[in-house]
Amino acid sequence: MNAPHPKTALAPAGADALLKRSKLGGLIRRHSGCEVLFDAASRGRYSTDASIYQIEPVGVCIPKTADDARMALHIARDLGVPVLPRGAGTSQCGQTVGECLVIDNAKYLNQVVEFDREAMTVTVQPGMVLDHLNAFLKPHGLWFPVDVSTSAQATLGGMAGNNSCGSRSIRYGNMVHNVLAIDAILADGSEEHFGHFGATATKKLSPRMSRMVSDLFSLGSRESGEIERMWPRVLRRVGGYNLDIFHPMSERPYTADNSVNLAHLLVGSEGTLAYTRQITLQLAPLPRAKALGVVNFPTFYKAMESAQHIVKLKPVAVELVDRTMIDLARENPAFRPVIDRALLNMASGGPQAILLVEFAGEDRSQQLAGVAQLVELMADLGLPGSVVEMPDEGPQKALWEVRKAGLNIMMSMKGDGKPVSFIEDCAVPLAHLADYTARLTEVFHKHGTEGTWYAHASVGTLHVRPILDMRRPGNEGGAAKMRAIAEEASAMVREYKGAYSGEHGDGLARGEWVDWQFGPRLGQAFREIKALFDPDNLMNPGKIVDTPKMDDATLFRFKPGHTVQDLKTALDWSQYDVQRDPLSGAQTAPGSGHDPAQGLAKAVDMCNNNGHCRKFDAGTMCPSYRATKDEQHLTRGRANTLRLALSGQLGDAGIASQEVHDALELCVSCKGCKRDCPTGVDMAKMKIEHLHHYNKKHGLTLKDKLIANLPRYAPIASTFAWAMNLRDTIPGMAKLSEKITGFSARRTLPRWAAKPFMKKGTTPMAGDVVLWADTFNNYFEPENLAAAKQVLEAAGYKVTMSVPQGERPLCCGRTYLATGQVDEARAEARRSIDHLMPLVDQGAVVVGLEPSCLFSLRDEFLAMNLGAAAGRLALESFTFEEFIAREIDAGRFKAKFKALPQKKALLHGHCHQKAFDAVSPIQKVLGLIPDLKVELIESSCCGMAGSFGYDKEHFDVSMKMAELSLLPAVRRADADTLIVADGTSCRHQIADGARRQAVHVARVVENALEDMP
Ligand SMILES: Cc1cc2nc3c(=O)[nH]c(=O)nc-3n(C[C@H](O)[C@H](O)[C@H](O)COP(=O)(O)OP(=O)(O)OC[C@H]3O[C@@H](n4cnc5c(N)ncnc54)[C@H](O)[C@@H]3O)c2cc1C
Ligand code: SF4
Ligand code: SF4
């Protein structure tokens, strides 16, 4: 069973290897248009995927054209360096890690090559993302129906590489059932077309291909008996090579007439046979009608037992969400309302599991009838009234998003024990599903752990990941338990005649099980296939054949001896520094998890590399990736860089290293990941921590000092407003100032107001509402504070300003945080708390206009060791619109509003408003104005992000972020439309990029105030 361990070097590169690496990088750079990433941090970022493994690649190249890829393959072959094609790197079994030249197709090779509407076929480049293809197809009423959960990231090349399977595979099959042809480059450089063979072939075989195909046919015919004997007979079998193209074994034929399609041999080959240059896919009509029935089960066993009956109703999907997953989803503010709509009887405990049963097709009444039959069936099975019917698209879509995020939700557990993928897609026939899941759960308990079940009940492929501590050595450690559990699970899979690898492929986690599953004879046949395609073992070696042991800890991300550098952190990360009991779920106290980096390393390790941040659809995360498409500028890439740095894998400089600085350079601190990353990776806070250490080492630039100290020098500077504003009026001044300060000459700077709202407090602070006079509104746009004050007073509140008597305004410390000066920020926060708490204790609330300032009180204040008062203050701090929305709901908001001349408002939410789920209150407040239609712009970050966009180095990327959706939407708006944006920098970006004046919501409602009698 345990194959010999091939050469998978992890040791530091020797002189020869270094020389080869530098030669390889140099040649690719010289002879191709590839981006070439051979530095340690880049190699580190490409050394992991969504598995537990980590192997450093020789280097990374990113081809811009197919010719570039061709040239890189050619050079690597000449130097004898193996290659590893990569898409989004979301593989769970370690398919995309190896000591190879990684060829990343996702950034540039992502276009549609040919589309035939009539034939319902499309040819795409390998790096095209599934969701992007489906967006292209939607207007044509078509889709590519292999709907993997990672549809927003997964590339078609990677999906073909893994023979991926979607939630609706019971209707549409796996990749192998939907790929028509692959144009590939073979290890020897020859280019071949793989498609239908025989009478239906569209292209003539080359002499080289003829020879190979003839050998392949002989192999298939020689092994037909063994295939018949050993091959799993389930739909979901993706392990090994698809030798059954020559002797069909799948529950669902690969081709309509069971003829051979040679492309199907490449599907699921995990980059070990050839490089896919382009793929031709069979498309399907987009179903016009969908209806969903959510069955609530009192026990998990009953859910599993019922699946075999439910599939007889011919649904397109039957997907499981178990109780643990339900509970974890309910802990996430974005998912809770969605999942709650699907649950019954929560007051009396609620279901132990739900099955999402979808019916889809042309005719709506037929799909609704499907759900009605489901209701009847469940009554017959003893569960009357157990189905929540969802006929409408909106709730259906939202619930599918929660189901798709299942794995990510599960991974949000804190502590060193994490759910580990290695038996997570075993497929068993439906009749055995209930027994299999019950017995495997017992196995988990025997090994002191637990697993959460979810996903594809329709095809017997339930996902489950036991919680294991992969850093812990010895018998109680993750590796030992992983092996023990795998041995027992595999025995059961064999007993039930299932497939050990039913969705996620072989990679490093299941490679050694290929021979076990198919037997030594077919294992040998697989080796012969590999030798026919790649005799010199240059294509992703060590996968599918001649693989290492799955529990070889030297290949793990947390290798034996993994340590974290001691670090005294500036912020409080102790909530992550915990351990969790896998069985009871009990968590130890904050700070007790033994993290030498005081919880920061464990916060970073919350990133499990699933790549969800590589998305371009709704949500904010991650603007810098959206603009650059670089792994370095992606939340995942940043977390990996930090993980490597904190564990000393990038040298001694640790968190203060240049590599970390470069990776965080374009992070706009939008907090999008804090909300959108399923495990809540909070990169904005990590950037503050990094800057704190980095700037301590390197000192602050003049620009940093000017930004950070703005709240302190603003009272004096504002006295010379006219002089301060000269920079943008005298020709040449902006250019000169760019040279001296680093602020881009291509932007104007915020204009100092002739008179700030308040410089110093004149009377003691006292009132119901403390209106937060943030630096930006106070000195640059005081009219916003005036408007807010007027509205609040009109509604009957006694308003006091956050400006203590005889002192400058209170400050949230944001400008200090932006430059990593946590001690200074803490001092400002302390001053604010000292002044505000006496008022708050008497019942006052704090209301702010600038989202990034106000949310500091609710976020960063809590991480600066400011004691219990900070927590109390956070609860009583609101944005202007949040406060009004709360008062409306409580029936206390008394102001009256009249219609405005404008009838439409286009609203852009500040990133921090989105991160704190605080956009809807703006809509509610604008809803007070009669006849005003409010439309929300689906935008990520505006790209300005505080001071980010003012930096001359950031100008271009800042504009690129804004151009992704915000600026085009503003430009499309007619002149009568109000543009509403609460963020100072958002308004500036809109003015710079679209020449439109955006306003704070306070100004809009002030204008609409009914005249007072
Ligand atoms: C949270 C989560 C949920 C998932 N859900 C599903 C699911 O529902 N269904 C499912 O099937 N899988 C699922 N997966 C696994 C994974 O997302 C899929 O296998 C996905 O299709 C991989 O796409 P990718 O672009 O990330 O490929 P990668 O991981 O980059 O590559 C996959 C394989 O394809 C090879 N490859 C890539 N490009 C080429 C090329 N041009 N030529 C030759 N070989 C190539 C690679 O070498 C590798 O072996 C999930 C993973 C995660 C983390
Ligand atoms: S940062 Fe979050 S979304 Fe991105 S890979 Fe890590 S865990 Fe996934
Ligand atoms: S804070 Fe924003 S820019 Fe930074 S990593 Fe998170 S999502 Fe990306």
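Order of listing sets the numbers, starting from 1, for every ligand and every atom in it.
Residue contacts with ligand 3 for Ser669 involve N, CA, C or O but no side-chain atom from C-beta outward (heavy atoms, distance under 4.0 Å). With a heavy-atom cut-off of 4.0 Å, Arg638 touches ligand 3 through its side chain alone.
In terms of N/O distances under 3.5 Å, ligand 1 is not approached by Thr96. Residue-to-ligand polar distances keep Gly166 apart from ligand 1: every N/O pair is separated by 3.5 Å or more. By the 3.5 Å distance cut-off applied to N or O atoms, Gly89 is counted among the residues near ligand 1. Any N or O atom pair closer than 3.5 Å counts here, and Ala88 shares at least one such pair with ligand 1.
Remark: among candidates Ala945, Ser940, Cys673, the nearest residue to atom 7 (S) of ligand 3 is Cys673, based on non-hydrogen atoms.
Under the 3.5 Å distance criterion, with hydrogens and angles disregarded, no donor-acceptor pair is assigned to the side chains of Asp425 and Thr461. Side-chain atoms of Trp400 and Glu319 include no donor-acceptor pair closer than 3.5 Å.
Every atom of ligand 1 is numbered from 1 in the order shown, and the set under 4.0 Å from a heavy atom of Arg86 is 30 (O). Ligand-side atoms of ligand 3 in range of Met683: 5 (S), 6 (Fe), range being under 4.0 angstrom from any heavy atom. Atoms of ligand 2 lying under 4.0 Å from at least one heavy atom of Thr679, given by number and element, are 7 (S).
Checking Cys613 against atom 8 (Fe) of ligand 3, every N/O/S atom stays at or beyond the 2.8 Å cut-off.
For the pair Ala274 and ligand 1, a heavy-atom separation below 4.0 Å is found.
One finds no salt bridge joining Lys602 and Asp605 here, because no Lys/Arg side-chain nitrogen approaches an Asp/Glu carboxylate oxygen to under 4.0 Å.
Contact check for Val545 versus Val514: no side-chain heavy atoms found under the 4.5 Å cut-off.
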